[in-house]
Amino acid sequence: MSTLTDLLAEHTKLSGAAVDHLQLVVAEWQLLSDLSFADFLMWVPLDDTTFLCVAQARPTTAPTAHPEDVVGSMVDVEEHPQLRRAVTDARICREEDPRWHLGVPVRREAIPVKRNGEVIAVLSRNTNLAVPRVPSPLEISYLGSAADLCQMIADGTFPTTEPSPDVHTSPRVGDGLIRLDASGAVVFASPNSLSAYHRMGHASDLVGVHLAPLTRSLIGDPFDATEVAQRIRAALDGQPSMRIEAESRRGAAVLFRALPLRPRGSGAGALVLCRDVTEVRRRDRALMSKDATIREIHHRVKNNLQTVAALLRLQSRRTSSEEARDALAESVRRVTSIALVHETLSMSVDERVDLDDVVDKVIPMMSDVAATESQVVVRREGPFGIVQAELATPLVMVLTELVQNAFEHAYAAGQRGEVVVHAERSAKWLDVVISDDGRGLPQGFSLERTDRLGLQIVRTLVESELRGSLSLRRRPRGGTEAVLRVPLRARR
């Protein structure tokens with residue numbers, strides 16, 4: 001289904017500013033839907049008799065009146081006369097008698113969406129009447145607040161563009177709602193809002209209390225306390241505000257957002273939405289502590305591996321056997337490659353490794369080793385991208401072994417050459433080709449029967465750790481290609 005912007009661009013000639021205003025209405029209207037216990041449909045006129053539905057919202061506080069998707073459908077004025085009346089009269093129009101829809105009685109209201117004195121769309125507020133509702137203080141307060149906000153939409157004063165409301169992360173109606181009168185005193189507080197204030201340290205009821213000074217007295221940080229109180233007072237003066245989080249003296253974390261209620265330009269108080277996020281922040285802190293511990297472990301592993309490499313180098317210098325020195329040098333290289341991965345993980349917050357960064361550090365190290373025996377250069381082509389930590393270590397080991405194998409067996413001492421590490425990445429696969437322009441594979445060579453330790457390590461890592469495939473083949477223009485394919489999906 002097309003998005004709101006797509007439908008408006010295809011079927012209307014509304015200006016960019018008008019489209020932005022309708023986007024703001026849609027961003028805010030879940031609040032309206034929950035307060036109204038009703039579905040909201042946004043209709044735009046296509047001509048004098050036809051309207052197109054471009055957006056839809058369902059309540060979380062009541063059964064929906066529209067289980068089906070209405071976006072993209074059209075109605076004419078005979079089927080929904082209140083839409084045309086709302087446009088021409090620029091006022092909220094209510095249907096006199098309920099209408100049956102899919103076996104459910106539905107009461108419909110049409111609310112003009114006004115911007116700069118012009119009606120640019122109509123909201124249809126459709127209430128499911130199949131479930132009987134007993135009026136309660138909560139329902140009366142919700143519906144009264146919804147009526148004020150809907151009138152502000154018809155006035156063109158809600159929503160506003162400044163400041164940005166952060167509606168996607170703001171508290172919602174069900175999280176906690178407080179209604180203030182024009183003086184700032186609480187006239188209604190939902191059970192969840194009472195729980196939030198009790199956790200902040202206010203043990204008694206909120207009704208009749210002036211909320212701004214009370215909230216200021218409960219918050220620990222003086223700057224946050226002043227800021228929250230000022231935002232509540234600003235809402236009483238008609239100024240909307242972004243959400244703000246504050247922590248009480250007792251350690252309870254609460255999100256606040258204040259909205260002005262000014263139907264027909266007359267101050268009717270404000271709504272304060274609040275949400276207790278104490279447990280969420282506690283889990284966030286626990287995760288941050290866990291992440292820091294994991295990064296510290298990677299850092300220590302890296303340091304230990306560097307110590308092992310230093311000991312191996314020391315042992316190599318004390319060894320008279322050339323074969324033993326070569327074996328120790330290979331062990332140093334392998335240990336250093338693993339240490340580079342852990343160094344990257346020690347700076348990562350999500351156990352993911354930027355392979356391009358690691359490979360670019362490994363390649364110069366390999367080139368320094370090769371420079372003592374030949375004049376071979378190594379370069380990388382294409383992106384490896386970011387991979388999970390469990391893939392990084394075996395993958396870097398495989399790459400270093402294959403490059404080292406090219407150094408050792410493709411070129412004679414002092415011979416010039418080039419080894420290219422080419423990577424291509426798709427959604428599911430990482431394909432790597434390591435090619436050289438050396439002497440090529442010997443006759444009868446078999447990867448499965450080779451006795452080279454490096455290639456045996458590579459086969460084991462590719463098959464058991466990476467769940468990938470590897471093949472070695474001759475290049476058409478001379479030299480050898482090692483073709484590696486590794487799945488990027490999570491392993492089970």
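A quick note: this is a predicted structure, and the numbers were derived from the prediction, not measured. All residue numbers refer to positions in the sequence shown, counting from 1.
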Throw together a table of side-chain donor-acceptor distances under 3.5 angstrom for residues 17-26, partners on residues two or more places apart or in other chains.
residue: Q23; atom: NE2; partner: T5; partner atom: OG1; Å: 2.4

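Using a 3.5 Å distance cut-off with no hydrogens or angles, the side chains of Y142 and D34 do not pair a donor with an acceptor. For the residue pair D6 and T3, a side-chain donor N or O sits within less than 3.5 Å of a side-chain acceptor on the partner. For the residue pair E68/H101, the side-chain donor-acceptor check at 3.5 Å is satisfied.
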Requested in this report: Show your working on side chain to side chain contact (heavy atoms under 4.5 Å, CB included) between V398 and V462 and close with a plain yes or no.
Outcome: CA-CA 7 Å; V398 167; V462 170; 4.0 Å; yes

Exercise for review: Carefully, step by step, assess L402 and V458 under the rule side chain to side chain contact (heavy atoms under 4.5 Å, CB included).
Suggested key: CA-CA 8 Å; L402 291 173; V458 166; 4.2 Å; yes

Quiz item: Would R416 and Y411 satisfy side chain to side chain contact (heavy atoms under 4.5 Å, CB included), going step by step from the backbone distance to the final call?
Solution: CA-CA 8 Å; R416 293 180 179 274; Y411 303 98; over 6 Å; no

With salt bridge (charged side-chain N to carboxylate O under 4.0 Å, His left out) as the criterion, how do R281 and E245 come out once you've worked through the C-alpha distance, each side chain's angles and the decisive distance to 0.1 Å? CA-CA 11 Å; R281 295 298 170 256; E245 181 176 333; 2.8 Å; yes

Item to check | Residues F384, V359; criterion side chain to side chain contact (heavy atoms under 4.5 Å, CB included); working and verdict | outcome: CA-CA 9 Å; F384 284 88; V359 171; 4.2 Å; yes

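Atom CG of L273 is separated from atom CZ of R243 by 13.0 Å, given to the nearest 0.5 angstrom. Rounded to the nearest 0.5 angstrom, L484 CG and L461 CG are separated by 10.5 Å. Residue R125 holds its CZ atom at 12.0 Å from CG of D39, rounded to the nearest 0.5 Å. Within the model, atoms CD1 of I111 and CG of L83 stand 11.0 Å from one another, a figure rounded to the nearest 0.5 Å. Atom CD1 of I120 sits about 9.5 Å away from atom OG1 of T12, to the nearest 0.5 Å. Once rounded to the nearest 0.5 Å, the distance linking CZ of R58 with CG of L41 reads 9.0 Å.
Applying the side-chain hydrogen bond (donor to acceptor under 3.5 Å, both in side chains) criterion to T127, with sequence neighbours excluded, gives no partner residue. Taking the salt bridge (Lys or Arg N to Asp or Glu O under 4.0 Å) definition, one finds that R380 meets it with D356, D360, sequence neighbours left out. Legend: residues meeting salt bridge (Lys or Arg N to Asp or Glu O under 4.0 Å) with E247, ordered by chain and number and at least two apart, are absent. Partners of T480 according to the side-chain contact (heavy atoms from CB on, under 4.5 Å) rule, which considers only residues two or more places apart in sequence or in another chain, are D436, L441. Considering only residues two or more places apart in sequence or on other chains, H80 meets the side-chain hydrogen bond (donor to acceptor under 3.5 Å, both in side chains) condition with Q82, S124. Scanning for side-chain hydrogen bond (donor to acceptor under 3.5 Å, both in side chains) contacts around T278 gives D276, with sequence neighbours left out. The side-chain contact (heavy atoms from CB on, under 4.5 Å) check on R379 picks up E381, E418, V420, with sequence neighbours excluded. Qualifying side-chain contact (heavy atoms from CB on, under 4.5 Å) partners for S321, counting only residues two or more places apart in sequence or in other chains: T319, E323, A324. Evaluation of the salt bridge (Lys or Arg N to Asp or Glu O under 4.0 Å) rule for D431 yields R485 as partners, not counting sequence neighbours. For the side-chain contact (heavy atoms from CB on, under 4.5 Å) test, residues two or more places apart in sequence or in another chain that qualify with S193 are I178, A189, S190, C274.
A donor-acceptor contact shorter than 3.5 Å links the side chain of T307 to the backbone of N303. Side-chain atoms of T460 come within 3.5 Å of backbone atoms of Q456 as a donor-acceptor pair (strictly under, hydrogens ignored). Of the possible donor and acceptor atoms, one in the side chain of R231 sits under 3.5 Å from a partner among the backbone N and O of M242. Between the side chain of E481 and the main chain of R473, no donor-acceptor pair closer than 3.5 Å is present. Counting only distance, with no hydrogens or angles, the side chain of S33 and the backbone of W29 share no donor-acceptor pair below 3.5 Å. A distance-only check finds no donor-acceptor pair linking the side chain of T450 to the backbone of L447 [under 3.5 Å]. In this structure, the side chain of T50 does not engage the main chain of D47 through any donor-acceptor pair within 3.5 Å. Judged by distance alone, the side chain of D175 and the main-chain N or O of R172 form a donor-acceptor pair under 3.5 Å. With T226 contributing its side chain and P222 its backbone, the two residues share a donor-acceptor pair below 3.5 Å.
At least one side-chain heavy atom of L123 sits less than 4.5 Å from a side-chain heavy atom of I153. The closest side-chain heavy-atom distance from V277 to V254 is not below 4.5 Å. Between M200 and R250, every side-chain heavy-atom pair lies at or beyond the 4.5 Å cut-off.
Note on K114 versus E118: no salt bridge recorded, every NZ/NE/NH1/NH2 to OD/OE distance being 4.0 Å or above.
The stretch residues 312-322 participates, sequence neighbours left out, in these salt bridge (Lys or Arg N to Asp or Glu O under 4.0 Å) pairs: E322-R325.
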